[in-house]
Amino acid sequence: MKIETVAVHAGMAVDPTTGAVAPAIHPSTTFEREPDGSFPHGHIYSRSSAPNRAALEACLSALEGGAAGVAFSSASAATSAIFQSLAPGDHVVAPTDAYYGTAKLLREVFAGWGLDTTFVDMTDLAAVERAVRPSTKLLWAETPSNPLWKVSDLGRLGAIARAAGARFVVDNTTATPVLQSPFKHGADLVVHATTKCLGGHSDVLGGAVVARERGPLLDRLRLLQTTGGAVPSPFDCWLVLRGIRTLPYRVRAQSEHALTVAKFLAAHPRVETVHYPGLPSHPGHEVARRQMAMFGGMLSVQIKGGADAAMAVAAKVRVFTRATSFGGTESLVEHRASIEGPGTSTPVNLLRVSIGLEHPDDLVEDLAQALGAGA
Ligand SMILES: Cc1ncc(COP(=O)(O)O)c(C=O)c1O
């Protein structure tokens with residue numbers, strides 16, 4: 001079935017006891033045993049499994065075309081579980097521009113735990129090959145990457161990981177399963193911040209791992225989920241699942257509108273550079289055309305005149321909201337270097353833009369007034 005149909009129906013069933021079409025939220029932490037001691041509905045205690053989480057996990061797995069989903073209370077918790085599935089002494093190859101929380105986990109938490117990480121530019125395949133060692137157990141990719149929306153070639157990275165005997169993990173948060181299917185390019189695991197486009201309404205924090213196949217790795221992730229306990233609440237699962245119902249339509253509209261905004265910005269005299277994979281001038285455009293259905297709702301813009309000029313533009317927006325995060329219905333703008341803090345390599349004149357679902361004319365008009373006239 002097509003992804004629109006999967007998004008509407010996966011993890012969804014009419015309630016046989018009430019006929020309710022929309023799913024109920026089940027807050028129960030505990031589930032009744034039969035007289036013979038069995039659990040015919042499959043649930044015992046909600047840290048181990050629960051109805052709303054099971055529905056969400058089934059849906060996420062179906063969207064990515066995987067074998068099973070493992071939902072967490074945030075993508076950072078999902079990411080941590082993946083690193084915890086490795087052993088001290090294992091080597092990880094990760095992108096220099098991985099989501100900064102992922103890089104922070106590797107540097108400040110898992111380095112002390114014995115994981116050794118080499119950060120490389122994932123668009124430089126020769127550098128990735130050089131970074132791989134006999135102890136490399138995991139290759140992490142995130143494409144398009146934050147905040148320059150660099151595009152790395154999933155098929156080629158998957159081949160490098162396979163040749164090295166390493167697991168290939170793709171953070172597919174930005175592209176979503178609507179635009180990109182990492183399993184088709186050899187990924188073993190796909191990670192999502194369901195906080196973003198999947199939830200889609202900036203009102204729920206969540207994360208998930210989808211495994212391509214059943215086996216020891218999935219079992220280990222399930223163990224880390226249920227014993228670690230960083231699980232999403234029933235209401236959080238319900239919200240993400242509700243968001244997913246409209247995911248394909250939202251992502252397509254956001255991609256279309258982002259292209260309109262990117263073209264407007266690229267032609268504006270106060271703009272130094274626009275980073276959007278949908279522009280032919282973007283270095284990753286050709287790879288993105290091959291591996292993505294559209295180019296997504298995220299872009300960044302560098303304003304002429306440095307940090308103060310960029311901050312002044314952000315200060316003037318009226319339709320956009322000055323806030324971090326992305327993938328919601330409302331368009332956001334943020335001065336990325338400020339949120340990443342000291343040590344960031346993000347250019348100080350860069351504004352990161354998340355396109356929501358407003359009419360693109362209104363977004364363009366808002367940016368036009370915020371940029372003002374002149375060079
Ligand atoms: C690409 C990507 N991965 C992971 C995360 C972490 O998500 P969470 O805040 O749910 O832990 C984010 C958050 O911005 C992200 O952008």
Side-chain angles (χ1 to χ4, degrees), residues 1 5-85 177 189-196 198-201 203-247:
M1 277 194 260
T5 315
V6 175
V8 169
H9 288 283
M12 171 91 167
V14 171
D15 182 343
T17 57
T18 62
V21 172
I25 301 168
H26 295 282
S28 189
T29 52
T30 189
F31 298 85
E32 190 185 28
R33 251 176 223 262
E34 289 297 292
D36 67 359
S38 65
F39 289 93
H41 303 291
H43 306 296
I44 299 174
Y45 180 63
S46 66
R47 178 158 43 72
S48 302
S49 74
N52 294 101
R53 199 166 89 218
L56 173 61
E57 289 177 340
C59 181
L60 290 168
S61 173
L63 283 176
E64 285 292 1
V70 188
F72 289 87
S73 52
S74 70
S76 301
T79 300
S80 294
I82 293 173
F83 296 145
Q84 283 170 336
S85 76
L189 299 176
V190 173
V191 179
H192 278 289
T194 55
T195 317
K196 314 296 175 191
L198 274 64
H201 295 74
D203 54 10
V204 57
L205 193 75
V209 186
V210 181
R212 188 186 54 201
E213 56 189 37
R214 296 190 183 277
L217 176 58
L218 174 62
D219 295 345
R220 188 79 192 155
L221 291 168
R222 186 68 75 196
L223 178 82
L224 289 161
Q225 176 204 38
T226 56
T227 55
V231 292
S233 75
F235 184 46
D236 288 353
C237 295
W238 187 93
L239 276 174
V240 175
L241 200 54
R242 180 192 167 110
I244 288 172
R245 302 301 178 214
T246 54
L247 174 75

Does the [X] side chain pair with the main chain of [Y], one donor and one acceptor, at a distance under 3.5 Å?
| X | Y | value |
| --- | --- | --- |
| T194 | G207 | yes |
| W238 | P23 | yes |
| R53 | S48 | yes |
| R245 | A7 | yes |
| D15 | A22 | no |
| N52 | S233 | no |
| S61 | G66 | yes |
| Q225 | A71 | yes |
| T195 | G206 | yes |

For [X], look at atom [atom1] and say whether over 12 heavy atoms of other residues, nucleotides or ligands are found less than 6.0 Å away.
| X | atom1 | value |
| --- | --- | --- |
| R242 | CZ | no |
| F235 | CZ | no |
| R220 | CZ | no |

- Message: As a test of understanding, state which of V190, V70, V210 forms a side chain to side chain contact (heavy atoms under 4.5 Å, CB included) with L60.
- Response: V210

- Message: Side chains of H26 and H43, heavy atoms from C-beta outward: is any pair under 4.5 Å?
- Response: no

